[in-house]
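Working notes, beginning with the structure itself.
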Amino acid sequence: MYSEIVMDHFKNPRNVGEIPNADGIGEVGNPACGDIMTFYIKVKDNILEDVKFKTFGCGAAIAVSSIVTEMAIGKTLDEAMKISHRAVIEALNGLPKKKHHCSNLGSDALHRAIEDYLAKQKGRAYHKPEDGPEVCNCPICDVEDPEEAPYCATVCDRTGT
Amino acid sequence: MYSEIVMDHFKNPRNVGEIPNADGIGEVGNPACGDIMTFYIKVKDNILEDVKFKTFGCGAAIAVSSIVTEMAIGKTLDEAMKISHRAVIEALNGLPKKKHHCSNLGSDALHRAIEDYLAKQKGRAYHKPEDGPEVCNCPICDVEDPEEAPYCATVCDRTGT
Amino acid sequence: MRIINLDHVAAVPVLPEVVKEMLPYFTEKYGNPSSIHSLGEEVEEAIGEARERVAALINADPSEIVFTSCGTESNNFALKGTVQANRARGNHIITSSIEHFSIMHAIKTLERQGVEVTRLPVDCYGMVDPDDVEKAITERTVLISVMHGNNEIGTVQPITEIGRIAREHHIPFHTDAVATAGVIPVDVKAMNVDLLSLAANQFYGPKGVGALFVRKGVRIEPLLDGGIQENGLRAGTENVMAIVGMGKAAEIAARDMQSRIDHMLPLRDRLMKEVPAAIEDVAVVGHPTERLPNNVSVLVRYVEGESMLLFLDMEGIKIASGSACISRSLKVSHVMLAMGIDAGAAQGSLLMTLGKDNSDQDVDDVVRVLPPIVQRLRDMSPLYKRSGKVKASC
Amino acid sequence: MRIINLDHVAAVPVLPEVVKEMLPYFTEKYGNPSSIHSLGEEVEEAIGEARERVAALINADPSEIVFTSCGTESNNFALKGTVQANRARGNHIITSSIEHFSIMHAIKTLERQGVEVTRLPVDCYGMVDPDDVEKAITERTVLISVMHGNNEIGTVQPITEIGRIAREHHIPFHTDAVATAGVIPVDVKAMNVDLLSLAANQFYGPKGVGALFVRKGVRIEPLLDGGIQENGLRAGTENVMAIVGMGKAAEIAARDMQSRIDHMLPLRDRLMKEVPAAIEDVAVVGHPTERLPNNVSVLVRYVEGESMLLFLDMEGIKIASGSACISRSLKVSHVMLAMGIDAGAAQGSLLMTLGKDNSDQDVDDVVRVLPPIVQRLRDMSPLYKRSGKVKASC
Ligand SMILES: Cc1ncc(COP(=O)(O)O)c(C=O)c1O
Ligand SMILES: Cc1ncc(COP(=O)(O)O)c(C=O)c1O
């Protein structure tokens, strides 16, 4: 199911943990969907000096979190904001399609941590967007609620509705 | 599929043929249903002195015809008129259920031959009943046209209609 | 006694190579592809490989193959699934009058539920006229389903041409290729079909597995609702072993197709010529050239099929018939009736279907054994030499 | 590495005795039971014998057994077939909220077609209250379908009692016994059921074959239309080999059932006691006593199922989970939600299903290997020691 790189990061995740007095904290996901990622960043001279994470989730979620920390450390904030879902998938040498949505949220959590840092710099509290507690994406075709669209392959690709 | 007695009568049918100047001739069936049986009888002193048949049909039809001739020869007309479908099936040591209807017409053909004889005795022409050309019985449950009731098992036993 | 199987449409043995590929799935690789642990993974890969092989046989993309449990399921799924998915668009389907029961009766069920049906006639060779398809199309037509090769009379329909018409009118086109896929070339792209049914047991694969090709973008709903197997289109624990067997059989069929055809064609042509030459009043049924390479269908006048089959069986020769006594519904073949053959004549149907292992010796035996059997039954038949000749075919 | 299969609900190997009985049907006895020649006859007899064996397993008459391709097909057939056959009588079905997908989604399809559905709640053990069934019955009710044993939480429903109520009201009663038939005693007479689904691969038979028990007199229409196989109730060339395998597996299951149960029960009870004892914040799911003898279902707080399964797999331990990440629909188990377990807690689901070959050693290994895996993942989890305890079960 998973590539070797994914399994390596899952088995030996890099940069697990919290950063005490972090400069920014970002969290995405919710337990109902099965994945929660919390990122902690330390910033110095506009550069990510350290990034750590804690993740509740499947193998992919843990591997994604781990590789995102590796990709981010040493980058400028601007560069780090440009780390995309696609780049993460490529760095992991691919992810199963059904893991593209819920589990590939590591860069989002990182971005939120950076936004949190930037908001704090400006003296404002960063408002974390709400991750709806019940809406997870359909693994196959972006139908919002697979419960209501059990055959999302059908519903999307086939019946086109 | 068939009992040993059926196979024996099928392989070596008794009394096949026509009787020239027969005292009575009876025919049942039609080619659309797959079975036609023609019976010829010779009567002497109210007794079936000889019975012969010609049959177009399946293995069961041939075996039924053959055993009916054996059962009939030597019987009085009254006795022969009492040879039933059931008695024929018993004499053959059973027939597959789906053969009970179309193929078990030997005694009917015999009875018609006797009626033909009796009508002639009274100087009247015997009117052979019409065998509808298209109506065959459903093998499983007596629904008239299996074409219209392809799942006669269902239609009869299950849906009760 | 030497057994001569000339009833390959009913059953073929599974190829030893295919059996070999299937065996590990009994007790070693018994996982469920839904499982995420490694027992599941190895079987998921095996199913993927089978999907590629089946796709290759008919020139489809692997993602367009849905595995089912048999040709009948594929046909029911194709018809009921597309009608259901297109209910908002229309309510009319076009089919032929010579389809297999699994099409014919599925369509009757749809008809009872209010779907309108046009059943196209066939000519005396059992051939559908593509012009009739075009004429039958209405605003409300949601599906055209015409079989590829007919299992009873051997006639192969002008699918490419019908597909072209369907595509021009943007109507999904299904063909039942159970009797052809793995036997003669089938190319879903060249033939312009959107849905195509096939079954493994027609090409030396196991029973209990079939497939439906569903072109990407075609609207269809599942027949079996449940878990998200087969990309959401067919629920139920995958029949891994059988699917693997179908894949292997498909691979071999693609490889050996031409040599099998080259082997069977001369045997078919000998039977079509020599049986009528050896027995008077025998007519060949179906198209003389647009015909399955393994199919010989004849009518023997004045006698009934089952009685011939029983005597042939005693000699080790296994064949089939479209007679009423043999069918489980006790009705004469609707295919022959649709061709204009009368019900009485159709009782004398003999259907011989060849396989890759038949030989000239088999043909010799049939031509030697059949005539005395027919004569014996004719001597018993009240119709022989009584009724006039009946139109049996073209 | 020693492989420990604790995922028998997903897959079991086929028994060697069963394989042996199946093998001749690949290449020797490859006939089609529809054929009238002798190739067909021998397989028709074999199917008859299998039908008797499956009937004996559930105390039915052989004529009441319809072979299908899987449990999912049996369930779809039972639901759609009875609703269709009873359309004139009513339009309402009663079911539970913890059914398998193949019931749940088939019912959703019926609902989209206008059928009214009552889904009964369950208590925190996952148990349906028979009184609720009685209250839900209306004039228009044509079917009640409540599963026998639940594959995810192990709870066994009060089927006999529900069946008694259904019978009093003359309403057909179906039960999905895929997880129970061949595992614990199932008696269609004593349980008052009219329709019952089972699948061979749950009791050491092959994949690709199931059956539906249809009591004589129950109205039902086929799901697969076509030829008159299975007494007109299920068309398609019979999967002879698999049917024979199901028959043999049923015979063995009936013979060995009690000894298998006696073997599994102590292992189940050890796991249910020792796993929660070895790891803090672990809750047992499902009924403590009215429970499948092979089912252990627990919730491990603060961690997600897939990540536990991957680490266990590396140690050779194969188990399952009802977590969202694992399900193909990426939804948490509807069964747990129906029991009142919150979606977050359900992510930590671990499902262990025992088989006849599991041993005390297997239990020892799980109890030894699991705690450090859980600790490692908890140390990584942002939820650990943060959120309060959540109601996991009763
Ligand atoms: C309770 C229950 N019902 C139905 C099914 C579906 O059976 P199948 O996968 O054979 O279609 C399963 C499968 O595990 C099951 O556990
Ligand atoms: C043309 C055709 N369609 C469909 C089928 C049905 O296939 P199955 O028996 O695998 O369900 C057959 C079977 O012989 C066939 O010949």
Side-chain angles (χ1 to χ4, degrees), chain C residues 3 5 7 10-14 16 19 26-28 30-32 34-40 69-73 75-76 100-102 105-106 108-109 199 201 206-209 221 223-229 235-242 306 309-310 312-313 318-320 326 328-329, chain D residues 3 5 7 10-14 16 19 26-28 30-32 34-40 69-73 75-76 100-102 105-106 108-109 199 201 206-209 221 223-229 235-242 306 309-310 312-313 318-320 326 328-329:
Chain C
I3 301 295
N5 181 2
D7 192 13
V12 295
V14 183
V19 176
F26 272 122
T27 45
E28 286 162 49
Y30 63 85
N32 184 323
S34 297
S35 303
I36 70 146
H37 49 66
S38 48
L39 287 182
S69 69
C70 57
T72 294
E73 186 189 329
N75 282 340
N76 275 262
H100 185 263
F101 281 128
S102 51
H105 289 153
K108 275 197 183 158
T109 293
N201 65 320
K207 296 187 184 72
V209 60
E221 289 198 8
L223 185 65
L224 300 194
D225 291 308
I228 308 191
Q229 286 96 353
T237 297
E238 292 89 340
N239 189 356
V240 184
M241 187 172 79
E306 189 200 277
L309 263 54
L310 289 173
L312 287 167
D313 190 23
K318 316 292 176 184
I319 71 172
I326 288 177
R328 281 180 176 167
S329 67
Chain D
I3 300 295
N5 181 4
D7 192 13
V12 296
V14 183
V19 176
F26 273 123
T27 45
E28 287 162 50
Y30 63 85
N32 184 324
S34 297
S35 303
I36 71 147
H37 50 65
S38 48
L39 288 182
S69 68
C70 58
T72 294
E73 186 189 327
N75 282 340
N76 275 261
H100 185 265
F101 281 129
S102 51
H105 288 152
K108 273 196 186 162
T109 292
N201 64 321
K207 296 188 184 71
V209 60
E221 289 198 7
L223 184 65
L224 299 195
D225 292 307
I228 309 190
Q229 285 97 352
T237 296
E238 292 89 341
N239 189 356
V240 184
M241 188 174 77
E306 189 200 277
L309 263 53
L310 289 173
L312 286 167
D313 190 22
K318 317 291 176 184
I319 72 172
I326 288 178
R328 282 181 175 166
S329 66

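- Separation of atoms NE2 (His37(C)) and CG (Leu310(D)) is listed at 11.0 Å; rounding is to 0.5 Å.
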Before you tell me yes or no, could you show the steps for Asn5(C) and Tyr30(D) under side-chain contact (heavy atoms from CB on, under 4.5 Å), namely the whole-Å CA-CA distance, both residues' side-chain angles and the distance that decides it to 0.1 Å? CA-CA 11 Å; Asn5(C) 181 2; Tyr30(D) 63 85; 2.9 Å; yes
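- The minimum heavy-atom distance between Glu73(D) and Ser69(C), with the atom names listed, is OE1-OG, 4.3 Å.
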Where do Asp7(D) and Ser35(C) land on the side-chain contact (heavy atoms from CB on, under 4.5 Å) test, with the steps shown first? CA-CA 9 Å; Asp7(D) 192 13; Ser35(C) 303; 3.4 Å; yes
Does the side-chain contact (heavy atoms from CB on, under 4.5 Å) test come out yes or no for Val240(C) and Lys207(D), once each step is laid out? CA-CA 7 Å; Val240(C) 184; Lys207(D) 296 188 184 71; 4.1 Å; yes
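- Nearest heavy atom pair, residue Gly227(D) against residue Phe101(C), reads N-CB, 3.7 Å.
- Looking at Ala320(D), neither its backbone nor its side chain comes within 4.5 Å of chain C, counting heavy atoms on both sides.
- Note on Ala199(D), Pro206(D), Ser34(D): by heavy-atom pairs under 4.5 Å with chain C, the leading option is Ser34(D).
- With sequence neighbours excluded, no residue satisfies side-chain hydrogen bond (donor to acceptor under 3.5 Å, both in side chains) with Gln229(D).
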Could you check Thr237(D) against Thr72(C) for side-chain contact (heavy atoms from CB on, under 4.5 Å), going step by step and ending with a plain yes or no? CA-CA 8 Å; Thr237(D) 296; Thr72(C) 294; over 6 Å; no
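- Contact count versus chain D (heavy atoms, under 4.5 Å) is highest, among Ile319(C), Ile3(C), Val12(C), Leu312(C), for Val12(C).
- In this structure, chain C has heavy atoms under 4.5 Å from both the backbone and the side chain of Leu223(D).
- Only the side chain of Asn76(C) comes within contact range of chain D, with at least one heavy atom under 4.5 Å from a heavy atom of that chain.
- Neither the backbone nor the side chain of Val209(D) comes within contact range of chain C; no heavy atom of the residue lies under 4.5 Å from a heavy atom of that chain.
- By the side-chain hydrogen bond (donor to acceptor under 3.5 Å, both in side chains) test, Ser38(D) is found to be paired with Asp313(C), Lys318(C), residues two or more places apart in sequence or in another chain being considered.
- Neither the backbone nor the side chain of Glu28(C) comes within less than 4.5 Å of any heavy atom in chain D.
- For a residue to count as touching a neighbouring chain, one of its non-hydrogen atoms must lie under 4.5 Å from one of that chain's; by this rule Asn75(C) does not touch chain D.
- When all heavy atoms are compared, the tightest approach of Cys70(C) to Gly236(D) is SG-CA, 4.0 Å.
- When each of Thr27(D), Asn201(D), Asn239(D) is scored by its heavy-atom pairs under 4.5 Å with chain C, the top score falls to Asn239(D).
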